[in-house]
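Right, one structure below, let's go through it.
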Amino acid sequence: MTDSAKPTLLIVDGHSLAYRAFFALPVDNFSTKDGQHTNGIYGFLSMFVNLVKAEQPTHLAVAFDTSRHSFRTDQYPEYKANRSESPAEFKGQIPLLQDCLAAMNVTVLTKEGVEADDILATLATQGVEQGFNVLVCSGDRDTIQLVTDDVTLLYPSVQGVSQLKRYTPDAVVEKYGLPPANYPDIAALVGETSDNLPGVPKVGEKTAVKWLTQFGSLDELLTRADEIKGVVGGNLREHLDTVRRNRSLNALLRDVELDAAPADLGTQPIDAVAVRDIFARLEFRTLLPRVFEAMGGDPADAAPAEPAVAAPAPVEADAAGLTAWLAAHTAHPEFGVTVTVEGGLPARVGLATLESAVEATWSPDVADALRPWLESDTPKVFTDAKTQVKALRRADVVLSGLACDTLLAGWLLRPSLPDKNLADLVYRFLDEKLPEADPTQLVPETEGATPAQLAWYTLRVTAALRDELPASVASVLTDIELPTLGTLAAMELAGVAVSHEKLSSFSTELGTRADGIAQEAYATIGREVNLGSPKQLQEVLFEQLELPKTRKTKTGYSTDAGALADLQESHPHPFLDLLLQHREATKLRQIIESLDTAIGGDGRIRTTYVQTGSQTGRLSSTDPNLQNIPIRNEESRRIRAAFEVGAGYETLLTADYSQIEMRIMAHLSGDEGLIEAFNSGEDLHRFVGARVFGVEPSDVTPAMRTKVKAMSYGLVYGLSAFGLSKQLRIEQAEAKQLMMEYFARFGAVRDYLRSSVEQARIDGYTETIFGRRRPFPDLTSPNRVLRENAERAALNAPIQGSAADIMKIALFRIHDELASADLASRVLLQIHDELVVEVAPGEWDAVAEIVSARMGDAAELTVPLDVQLGRGDNWDDAGH
DNA sequence: GTTGCGCGGCC
DNA sequence: AGGGCCGCGCAACG
């Protein structure tokens, strides 16, 4: 019976229901791409939103156990002792589930020393006293004792958590033959195997109910136990204490002191942004609309917090107005600046202090009014400065005084977060909502922020970020990232000359070849399939040709190059080789086509470097990506050959660091063998091979060199014996042996790698030589897959990141020095450990000297930084 | 049209 | 079961 006038309190046992969901749902279908299992979370939330939608509670809470330990285990150590340790895959899900509930503004209750069901019992009791209809949802049968006219139990059926059975007093009587208050008596007699509480032998539910009905109460029954005849009577008399103990343990506590009373549990609107964030992290998609539907709230309606400070009303100005505004604010220490960009050129400009803001439409007059100030050292903060720096340079303004870019600072603080604009940062670091125009409406109801307001928010976000930035990270921002930004802007503006003629002829050639290969491939299998479709290929390989199944993927079986090579070895078939050739030809053609369409009217390709594009500190390159241009085989180098020296320049120069990551490893580990290798001038892999295999360097065979080379590079990535054996196509035992020999000679390397991961586990982050940090929360995860992935990444991060730092330092120093030496030569490309420079006529010697010197002295390591230069009319010829 | 996946290019 | 990226085509989804 529910009284609709009363408020409804719904209290849920989170632990028991999530645990049931964990076993009900296949773990394989519910895990994120980095290996976090989510089946328990998903199953619980799915049940939970259905429940909330159906019951429309006015008050709501979810209770969790804190640990296996409780007052019951104190009284009776065997309590639940038969339960095996809950799987690690499950444990890790509970904190995440609690995060989800927190985002949904659902109160999570826990209490040390008691179980979730005691919290349920306490709240149910209080709720009834305070006039609530109470709904209790638990997977533990002991909660049946809570059922009254005002308390209904929702209990998962055997089918799983999606079907809940309603236990009213009548339903309990129907099922057990006694009212709910007597259920613990029945359970005490029968015992509860899941709690490791044995009952009276030979006594089941039927007998227990019969006795309790006959004697009226458990006390009466126990007092008059001698009246029961037969073997069961004897059993009962022998187990009186057991029954009393069971009864005392299965009574739920109704007077636990809690942080919240029923009245405090009124349902709250969900935190739309937080829910979206955590669901995105857990890769839940279909659940999101269901949560909004059940819990109320509009997905678009992320509760806007009130700004802590009122935004100054932006004043529209002209050139003279801007000049006057600047004159009035000369004493101000720092300004927020926003230049909106349209078609690559400045459109509007906004300037802000915390108290005052001004904005204007860009014009030659405005440019002239602002130029001296923009080109001065006056500190200015931007969001996404690179885009604006480029637009300003196109308008003949060379920005100076860049003191912060919020995107960079936000990324340095949280390199894993996809904060790609000011709105994200305002939400995350100010806990406010940036006014945004509704793009779905022709005439937006809400106005978007104006340039001056954007500048004002940028200034405030900067302050919030600075508060959080550790000193070492702040120095990475000012000493590495901000100087790099200006250099990248110049590189992007310069672009690189690419020959359309070379590309298009090659593309045609590859197209013809791919078609021919495809025809041949079709002939070998007697039909035409789409060779680019992994799904159709699986049909051909594993069904038609009946080849053995390869490595499993999410959607079937792998058809990647490694798998095809394995198949070719064990079950040779002409189709396999043709497929590989076809892949190669079409891949190259794809690359060529995308490059060709990216060539601008002036014959140059302009990439965009994403300075926040990696978690380690590396750059990334997009639209098009110029950091993955083929090089590894002879033919593909024809693509590099299409990257040419531009008109008015003399030649291309390439400069790359040789083995920079291994050098950093030598530096960080202090391994004397490795340091000696780099100081000896001997080829690294030959030197290492000689040590590992115990031969003279001159006797190191190519096979030995290949092996130690793979091992050395693999080290930096956390390679396992399995991975090494696979790559080298040798037995795992041999790979293991190789690793052992390697570490026997270069033991400090292993010690360093181990200790750096351990340090990261303690600190929660790794650090590069220059202080760049990367957090690794998963190093302490109970989920083994997650933890081991984090360990490998943590092992690599300081090495890859330090290399990135060094290259950035070299890059901007080269750029600055070329400019200050009045050289026309310019850096065009950065490919992680390589630079491509366009050299102006007559400048080769000077440029080569600057490039090699600045790359060589970008960092002071215990081993030298070796730089290789190359020269040629095109990128292929300039390579070496 | 968007999204996830498999695959493969680079360092 | 090897760290960091970007982007293509296919297939499924809306």
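Below, read A as the first sequence line, B as the second, and so on, with proteins coming before strands; counting in each chain starts at 1.
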Expressed as a whole number of angstroms, how long is the span from Leu715(A):CG to dG4(C):P? 16 Å
Classify the side chain of Arg618(A) and the base of dC11(B) as holding, or not holding, a donor-acceptor pair under 3.5 Å. yes
Selection from dG9(C), dC7(B), dG7(C) that lies nearest to any side-chain heavy atom of Gln590(A): dG9(C)
Considering every strand and a 4.0 Å limit on heavy-atom distances, what is the contact class for Ser621(A): base, sugar-phosphate, or nothing? sugar-phosphate
Does a side-chain N or O of Arg551(A) approach OP1 or OP2 of dA1(C) to a distance below 4.0 Å, or not? no
Given dG2(C), dG4(C), dG7(C), identify the nucleotide with an atom nearest to the side chain of Asn625(A). dG7(C)
So for Gln727(A) and dG2(C), does any side-chain atom that can act as donor or acceptor lie under 3.5 Å from a complementary atom in the base? yes
Taking any heavy-atom pair under 4.0 Å as a contact, classify Thr586(A): base, sugar-phosphate, or nothing. nothing
Minimum-distance nucleotide to Asp560(A) side chain [options: dC11(B), dC5(C), dG8(B)]: dG8(B)
Identify which nucleotide among dG9(B), dC8(C), dG4(C) has an atom closest to any side-chain atom of Pro630(A), counting heavy atoms from C-beta outward. dG9(B)
Asp623(A) CG to dG9(B) P: how many Å, rounded? 21 Å
Is Gln830(A) near enough to dC11(B) that one of its side-chain N or O atoms lies under 4.0 angstrom from OP1 or OP2? no
Just call it for Ala721(A): base, sugar-phosphate, or nothing, with non-hydrogen atoms closer than 4.0 Å on any strand. nothing
Among dG3(C), dG4(C), dA12(C), the one nearest Arg792(A) by side-chain distance: dG3(C)
For the pair Trp875(A) and Phe643(A), name the ring-plane relationship: parallel under 30°, tilted 30 to 60°, perpendicular over 60°. perpendicular
For Gln800(A), report the nucleic acid contact type (base, sugar-phosphate, nothing); a contact means any heavy atom under 4.0 Å. base
So which nucleotide from dG3(C), dG4(C), dG2(C) ends up closest to the side chain of Leu719(A)? dG2(C)
Do Ser507(A) side-chain atoms and Leu503(A) backbone N/O form a donor-acceptor pair below 3.5 Å? no
With heavy atoms under 4.0 Å as the rule, sort Leu724(A) into base, sugar-phosphate or nothing. nothing
Looking at Glu492(A) and Arg606(A), is there a salt bridge between them, counting it only when a charged N and a carboxylate O are closer than 4.0 Å? no
Nearest of dG2(C), dC7(B), dG3(C) to any side-chain atom of Phe722(A)? dG2(C)
Tell me the interatomic distance from Leu619(A), atom CG, to dG3(C), atom P, rounded to whole angstroms. 21 Å
Without decimals, in angstroms, what is the distance between Gln611(A) CD and dC6(C) C1'? 18 Å
Under 4.0 angstrom, heavy atoms only, what part of the nucleic acid is Arg589(A) near: base, sugar-phosphate, or nothing? nothing
Is the phosphate of dC6(C) approached by Thr622(A) (side-chain N or O, under 4.0 Å from OP1 or OP2)? no
In whole angstrom, give me the gap between the C1' atoms of dG4(B) and dG2(C). 23 Å
Any side-chain donor near an acceptor of the partner, Gln544(A) and Arg527(A), under 3.5 Å: yes
When rounded to whole Å, the CG to C1' distance for the pair Leu728(A) and dG2(C) reads 13 Å
So, OP1 or OP2 of dC10(C): does either fall under 4.0 Å of a side-chain N or O from Asn530(A)? yes
Euclidean distance, atom CG of residue Leu626(A) to atom C1' of dC5(C) [Å, nearest integer]: 14 Å
Would you say Arg632(A) reaches dG9(B)'s phosphate, i.e. side-chain N/O to OP1/OP2 under 4.0 Å? no
Kindly compute the distance separating CD (Glu481(A)) from CZ (Phe812(A)), expressed to the nearest 0.5 Å. 9.5 Å
Within the 3.5 Å criterion, strictly below it, is a donor on Thr654(A) or Glu834(A) matched to an acceptor on the partner's side chain? no
For the side chain of Ile631(A), counting heavy atoms from C-beta on, which of dA12(C), dC5(C), dC10(B) is nearest? dC10(B)
May I ask you to evaluate whether Thr555(A) reaches the phosphate of dG4(B), defined as a side-chain N or O under 4.0 Å from OP1 or OP2? no
Of the listed dG7(C), dG9(B), dG6(B), the closest approach to the Asn628(A) side chain comes from dG9(B)
Remember a base hit wins even if backbone is also touched, and classify Glu788(A) as base, sugar-phosphate or nothing at under 4.0 Å, heavy atoms. nothing
For the rings on Tyr742(A) and Phe746(A), is their centre-to-centre separation under 6.0 Å? yes
Under 4.0 angstrom, heavy atoms only, what part of the nucleic acid is Lys587(A) near: base, sugar-phosphate, or nothing? base
Over how many whole Å does the gap from Asp656(A) atom CG to dC11(B) atom P extend? 9 Å
Would you kindly say whether Asp623(A) and Thr608(A) are connected by a side-chain donor-acceptor distance under 3.5 Å? no
Rounded distance (Å) that lies between atom P of dG4(C) and atom CD1 of Ile664(A): 16 Å
